Amino acid sequence: FNSIQVKRTSDRIKSLGYFQEDLEVEQEQGSGADRIVLVTNVEEKPTGQLSLSAGFSSIENFIFQGSIEQSNFRGKGQQLRASVSYSSYSKSAEIGFTEPYFLDKSIALAGDIFRRDVNSFSPFDRDVTTYQQATTGFQIRTGVPINEFLFFQGRYGLNYDDVDLSRD
């Protein structure tokens with residue numbers, strides 16, 4: 001029995017962020033004098049986030065943003081997220097998913113799909129658009145733990161940019 005390892009395990013469970021803050025690991029007598037049973041009762045806390053915001057800018061007028069994220073999707077540590085943003089000169093949408101245990105191994109696999117539209121304007125006259133850019137793309141990430149504190153990650157992304165230089 002190693003009390004330092006028990007404390008480390010408790011800290012690792014807490015660091016997941018899925019369970020209540022007052023998590024405790026209790027020791028009970030096991031089936032023999034040389035046996036100890038470790039017992040913990042976990043209660044999942046809400047892991048979803050919803051963010052909505054609105055603002056006003058003298059350049060872009062009204063600005064709206066919204067995002068939703070579930071960090072423990074289906075109780076498996078998966079992450080599902082989506083976001084949108086809208087203003088006079090830019091619009092964007094993104095959706096993503098992360099699987100932390102791909103094929104039931106310690107391999108993380110994640111993907112994002114996004115679209116961004118930007119209208120650039122002249123600093124001297126806001127009503128004159130200098131260019132328009134539409135970017136559509138995706139990104140795939142994978143990672144493996146090297147040890148408890150280090151994680152190796154690789155990513156591949158592909159974007160399609162459509163730039164229009166015509167003036168309005």
Side-chain angles (χ1 to χ4, degrees), residues 1-57 62-87 90-118 134-161:
F1 178 78
N2 186 334
S3 62
I4 294 172
Q5 291 288 10
V6 172
K7 172 74 169 118
R8 181 67 194 128
T9 299
S10 175
D11 291 344
R12 291 178 70 194
I13 292 171
K14 289 177 186 177
S15 72
L16 290 172
Y18 302 151
F19 307 109
Q20 80 279 8
E21 296 298 321
D22 58 346
L23 177 94
E24 298 218 5
V25 178
E26 299 173 3
Q27 301 175 24
E28 294 180 358
Q29 183 60 44
S31 60
D34 62 340
R35 306 275 181 190
I36 293 178
V37 176
L38 299 175
V39 177
T40 186
N41 292 319
V42 294
E43 179 181 326
E44 185 178 6
K45 67 180 185 180
T47 55
Q49 297 178 18
L50 174 65
S51 172
L52 300 171
S53 62
F56 183 82
S57 164
F62 288 101
I63 302 168
F64 300 101
Q65 294 178 331
S67 67
I68 188 167
E69 179 178 331
Q70 176 63 345
S71 296
N72 193 16
F73 185 61
R74 300 186 317 162
K76 295 182 177 184
Q78 299 166 330
Q79 184 183 53
L80 182 63
R81 61 200 167 277
S83 65
V84 294
S85 176
Y86 177 86
S87 71
S90 67
K91 297 154 191 59
S92 68
E94 183 173 344
I95 188 166
F97 179 77
T98 301
E99 170 59 66
Y101 296 102
F102 184 64
L103 301 175
D104 291 327
K105 304 214 183 304
S106 291
I107 300 171
L109 183 65
D112 300 297
I113 300 171
F114 59 88
R115 169 69 185 227
R116 298 181 190 106
D117 294 331
V118 176
T135 303
T136 305
F138 71 92
Q139 185 178 136
I140 296 174
R141 297 180 306 280
T142 187
V144 294
I146 295 172
N147 61 33
E148 185 176 348
F149 303 104
L150 292 175
F151 189 78
F152 176 77
Q153 184 176 33
R155 64 179 68 204
Y156 176 78
L158 184 64
N159 297 342
Y160 174 75
D161 291 316

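Here the structure is a predicted model, which means the values were calculated and not measured.
At distances below 3.5 Å, not a single donor-acceptor pair connects side-chain atoms of Asp117 with backbone N or O atoms of Ser90. At distances below 3.5 Å, not a single donor-acceptor pair connects side-chain atoms of Gln79 with backbone N or O atoms of Phe73. At distances below 3.5 Å, not a single donor-acceptor pair connects side-chain atoms of Thr98 with backbone N or O atoms of Gln78. Within the 3.5 Å criterion, the main-chain N or O of Gly66 finds no donor-acceptor partner in the side chain of Ser83. With hydrogens and angles ignored, the 3.5 Å screen pairs a side-chain donor or acceptor of Thr9 with a backbone N or O of Gln5.
How far CD of Gln70 is from CG of Leu80: 8.0 Å, rounded to the nearest 0.5 Å. Atom CD of residue Glu94 and atom OG of residue Ser85 lie 11.0 Å apart, to the nearest 0.5 angstrom. The line from NZ of Lys76 to CD of Glu99 is 7.5 Å long, rounded to the nearest 0.5 Å. Taking CZ from Phe138 and OH from Tyr160, the interatomic distance works out to 15.0 Å, rounded to the nearest 0.5 Å. Atom NZ of Lys7 sits about 3.5 Å away from atom CG of Asp11, to the nearest 0.5 Å. Separating the CG atom in Asn72 from the NZ atom in Lys45 is a distance of 11.0 Å, to the nearest 0.5 Å.
For the pair Gln27/Leu38, a side-chain contact is recorded, criterion being any heavy-atom separation below 4.5 Å from C-beta on.
Nearest heavy-atom pair across Tyr18 and Gly77 is OH-CA, 3.4 Å. Summarising the geometry of Ser106 relative to Pro145, their closest heavy-atom pair is O-CD, 3.0 Å, with the distance given to 0.1 Å. Annotation for Ser57 and Ile63: closest pair CB-CD1, 3.8 Å, computed over non-hydrogen atoms. Summarising the geometry of Ala93 relative to Val84, their closest heavy-atom pair is CB-CG1, 4.1 Å, with the distance given to 0.1 Å. Among all heavy-atom pairs drawn from Val25 and Ser10, the shortest one is CG2-CB, 3.9 Å.
For CG of Leu52, the number of neighbouring non-hydrogen atoms (other residues, nucleotides, ligands) closer than 6.0 Å is greater than 12. Summarising the local packing, CZ of Phe56 is surrounded by more than 12 heavy atoms from other residues, nucleotides or ligands at distances under 6.0 Å. The environment of Phe62 atom CZ is sparse: at most 12 non-hydrogen atoms of other residues, nucleotides or ligands sit within 6.0 angstrom. The 12-atom threshold is not exceeded at CD1 of Ile113, counting heavy atoms of other residues, nucleotides or ligands nearer than 6.0 Å. Surrounding CD of Glu24 are at most 12 heavy atoms belonging to other residues, nucleotides or ligands under 6.0 Å away.
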Item to check | Step-by-step side chain to side chain contact (heavy atoms under 4.5 Å, CB included) determination, Ile140 to Thr142 | outcome: CA-CA 7 Å; Ile140 296 174; Thr142 187; 5.8 Å; no

Checklist entry - Does the pair Asn41 and Glu26 meet the rule for a side chain to side chain contact (heavy atoms under 4.5 Å, CB included), with working shown? => result CA-CA 9 Å; Asn41 292 319; Glu26 299 173 3; 5.9 Å; no

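Residue Gln65 forms a side chain to side chain contact (heavy atoms under 4.5 Å, CB included) with just one option from Ser51, Ser92, Ser87, Ser53, and that option is Ser53.
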Table please: side-chain donor-acceptor pairs of residues 147-155 below 3.5 Å, with sequence neighbours left out.
from	atom 1	to	atom 2	distance (Å)
Asn147	OD1	Phe149	N	2.7
Asn147	OD1	Leu150	N	2.8
Glu148	OE2	Arg8	NE	2.5
Glu148	OE2	Arg8	NH2	2.1
Arg155	NH1	Gln139	OE1	3.0

